[in-house]
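Before any comments, here is the structure.
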Number of protein chains: 2
Amino acid sequence: MGSDGANDTTKNERKPGRMSEQRQQRIRLEISREAARLFWEQGVAATTGEQIAAAVGLSVRTLWRYFRNKESCVEPVLAQDGEEFVALLRRWPRDVSLEDHLMEWAMNRTKDPDQQSFDQAVIKMTVLAEKEPDLRTAWLMTNDRIERALVEIFADRLRRSPDDIEVRLHAAAATAVVRVISEDVSAALMAGVDRASLGNTLGQMARAVHTATGGAVGDPVDP
Amino acid sequence: MGSDGANDTTKNERKPGRMSEQRQQRIRLEISREAARLFWEQGVAATTGEQIAAAVGLSVRTLWRYFRNKESCVEPVLAQDGEEFVALLRRWPRDVSLEDHLMEWAMNRTKDPDQQSFDQAVIKMTVLAEKEPDLRTAWLMTNDRIERALVEIFADRLRRSPDDIEVRLHAAAATAVVRVISEDVSAALMAGVDRASLGNTLGQMARAVHTATGGAVGDPVDP
DNA sequence: CAGCAATATGTCACTAAGTGACAATATAGC
DNA sequence: GCTATATTGTCACTTAGTGACATATTGCTG
């Protein structure tokens, strides 16, 4: 497998013998979940690559084909909410505010039990990233990728170039505030706060993005 | 040496045999500069810990006492501008706007030749961090620490608690935009753009901080 | 400056992380 | 089923990073 394949679509054309990208992503996610479980149970330092590999039935050599280092193993888990957010923004109609868009989605979403245990893993890793430097780097790198995705989305919405410094500033600021809110929510949930009493976190995110972009992002725009 | 010593002042009281913190910081900075030079010349992967250690006349065992891993070696260099920015904000009079404060400082600053070569190292590492994942983590972690410093500074200025979510959102957004501008300026300088034609980057930062905090940070405030 | 206590350093041994090479096996398309 | 290509596991290896311990260095005090 080309270890960069997961991030480069042109190199992933379907050839005989090449696994689909979806399949590779599923394997990556399975590894990530097992890594997260082991990191939570015994700490990052005490978890070996061999243990992670064994947990998913792969050799450690193959593990390092899927992830460039140990802490990166947890990135797919850490990326869950951010990727969901990005996917939502990609579907964001121009004539709708961000807050309305997110609230509409929140009202219509369904949640299966498998997804809920996955959410738990996300929360645990987000919290653990606060005190484990290696996980912190994984968390920050994950957010770095989200920011790059937001650059494209904001450029499109604002009808500007992705190279535009303003676009990049807005994407960076938006990513930062969404990250802080995610961290805040995760810490609260980990501390036992009931999700209902957290209030409207998606609305909070939408407003924070609006503020952090100086009002440039978040309102309906011309079609 | 206590490897966490550099970041914990209570553990660094002056005892017989314990080196001063300034001395430890100087050694860290010397290591960081040499690491940066080697990373630039031959790449991160091809640079061994032994080489970095030899370049500063230390054993590799001691190198790992000063830095938790190889890429962290470059953090003091990467942190230079951010730490300067933080120091400036710590001296920021309440009755002055951020832009005026930064501009006044820019007009009065002096620059020695050693500092200029150091600036070059900062620029090179900032640019290299765009394509070397390990350096990217070092850069993001450095900015994470800057953000934590800004939380304290903003809390003080806004007369709010550092735990206040708004304070944290402002600090995160401010750090993000300063980072993007730093990256932008470094890339331009690396590409040969004349510093004079870059315009007023400090003013740009001040305005970006003001925008990213929704106007909450940047204006004069009540004393 | 000498003495002392505490810390810092280097050497050594070691484990784990991570990489390259290559043969065997698996995958996807026709 | 066949073929071409990719993927995987084994093996050997280097490097990163850690613990233990003896020696050297540092900072304080008289």
Side-chain angles (χ1 to χ4, degrees), chain A residues 1-6 8-28 30-31 35 38-39 42-74 132-135 137-138, chain B residues 1-6 8 10-28 30-31 35 38-39 42-54 56-74 132-135 137-138:
Chain A
M1 65 166 289
S3 58
D4 285 341
D8 188 334
T9 49
T10 58
K11 291 184 186 168
N12 285 314
E13 57 187 277
R14 297 303 292 274
K15 297 181 187 175
R18 168 175 286 284
M19 295 196 296
S20 70
E21 184 167 334
Q22 287 89 333
R23 181 154 178 212
Q24 289 183 349
Q25 292 291 76
R26 274 199 306 275
I27 294 171
R28 279 176 61 91
E30 188 185 355
I31 293 169
L38 289 164
F39 289 166
Q42 56 193 33
V44 181
T47 300
T48 63
E50 270 281 1
Q51 288 172 322
I52 298 169
V56 293
L58 292 175
S59 69
V60 73
R61 182 64 190 87
T62 296
L63 176 67
W64 305 133
R65 290 194 174 103
Y66 279 95
F67 293 95
R68 69 186 188 88
N69 58 35
K70 195 164 77 173
E71 60 264 23
S72 303
C73 291
V74 86
E132 283 267 9
D134 285 344
L135 288 196
T137 63
Chain B
M1 68 164 291
S3 59
D4 284 343
D8 190 332
T10 57
K11 290 183 185 169
N12 285 313
E13 56 187 276
R14 297 301 293 275
K15 297 182 187 175
R18 170 174 283 283
M19 296 197 296
S20 71
E21 184 169 334
Q22 287 90 334
R23 180 151 179 212
Q24 289 182 349
Q25 292 290 75
R26 275 199 305 273
I27 295 172
R28 279 175 60 90
E30 187 184 356
I31 294 169
L38 289 164
F39 289 165
Q42 55 194 33
V44 182
T47 300
T48 62
E50 271 279 5
Q51 288 172 321
I52 300 170
V56 292
L58 293 174
S59 70
V60 74
R61 182 66 190 83
T62 295
L63 176 69
W64 305 131
R65 289 193 175 103
Y66 278 96
F67 293 95
R68 68 184 189 90
N69 58 35
K70 192 164 77 169
E71 61 265 21
S72 302
C73 291
V74 87
E132 282 267 12
D134 285 343
L135 288 197
T137 64

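Keep in mind that what you see is a predicted model, and the values were worked out from it rather than measured.
Distance, A:Leu63 CG to C:dA17 C1': 10 Å, rounded to whole Å. Whole-Å rounding puts the A:Phe67 CZ to D:dT7 P distance at 15 Å. One atom, CH2 of B:Trp64, and another, C1' of C:dA17, lie 12 Å apart when rounded to the nearest Å. Atom CE in A:Met19 sits about 16 Å away from atom C1' in D:dA4, given to the nearest Å. One interatomic measurement links the two molecules: CG of B:Asp134 to C1' of C:dA17, which rounds to 12 Å at whole-angstrom precision. Put simply, CZ on B:Phe39 is 12 Å from C1' on D:dA16, counting in whole angstrom units. One can place CD of A:Gln42 at 14 Å from C1' of C:dA16, the figure rounded to the nearest angstrom. Residue A:Glu71 contributes atom CD, which lies 15 Å from atom P of D:dA16 at whole-angstrom precision.
When the side-chain nitrogen and oxygen atoms of A:Tyr66 are compared with OP1 and OP2 of D:dT8, one or more of them lie within a distance under 4.0 Å. Regarding contacts with the backbone of D:dT15, every side-chain N or O of B:Thr48 stays at 4.0 angstrom or more from both OP1 and OP2. Phosphate contact (OP1/OP2 of D:dT7, side-chain N/O of A:Gln24, threshold under 4.0 Å): present. Taking 4.0 angstrom as the limit, B:Lys15 places none of its side-chain polar atoms (N or O) nearer than this to OP1 or OP2 of D:dG27.
In terms of position on DNA chain C, the residue among B:Pro16 and B:Gly57 whose nearest nucleotide sits closer to the 5' end is B:Pro16. Residues B:Gly49 and B:Gly17 each lie close to DNA chain D; by heavy-atom proximity, the contact nearer the 5' end of the strand is made by B:Gly49. Closest-nucleotide positions on DNA chain D for A:Val60 and B:Arg68 were compared, and the one nearer the 5' end corresponds to A:Val60. Annotation: of the two residues near DNA chain C, A:Arg61 and A:Glu50, the 5′-most nearest-nucleotide partner is A:Glu50.
The CZ atom of A:Phe39 lies 4.0 Å from the CD1 atom of A:Ile52; values are rounded to the nearest 0.5 Å. One finds the OG1 atom of B:Thr48 at 7.0 Å from the NZ atom of B:Lys70 (value rounded to the nearest 0.5 Å).
Using a 4.0 Å heavy-atom distance criterion, A:Thr47 is classed as a sugar-phosphate-only contact.
Closest approach of B:Leu63 and B:Cys73 over heavy atoms only: CD1-SG, 4.0 Å. A pairwise comparison of heavy atoms in B:Arg68 and B:Ser72 identifies CG-OG, 3.7 Å as the closest pair.
Side-chain atoms of A:Arg65 and base atoms of D:dG9 include a donor and an acceptor less than 3.5 Å apart.
Side chains of A:Thr137 and A:Asp134: no donor on one and acceptor on the other come within 3.5 Å.
Distances from the side chain of A:Lys70 to the nucleotides D:dG27, C:dA17, C:dT9 place C:dA17 closest.
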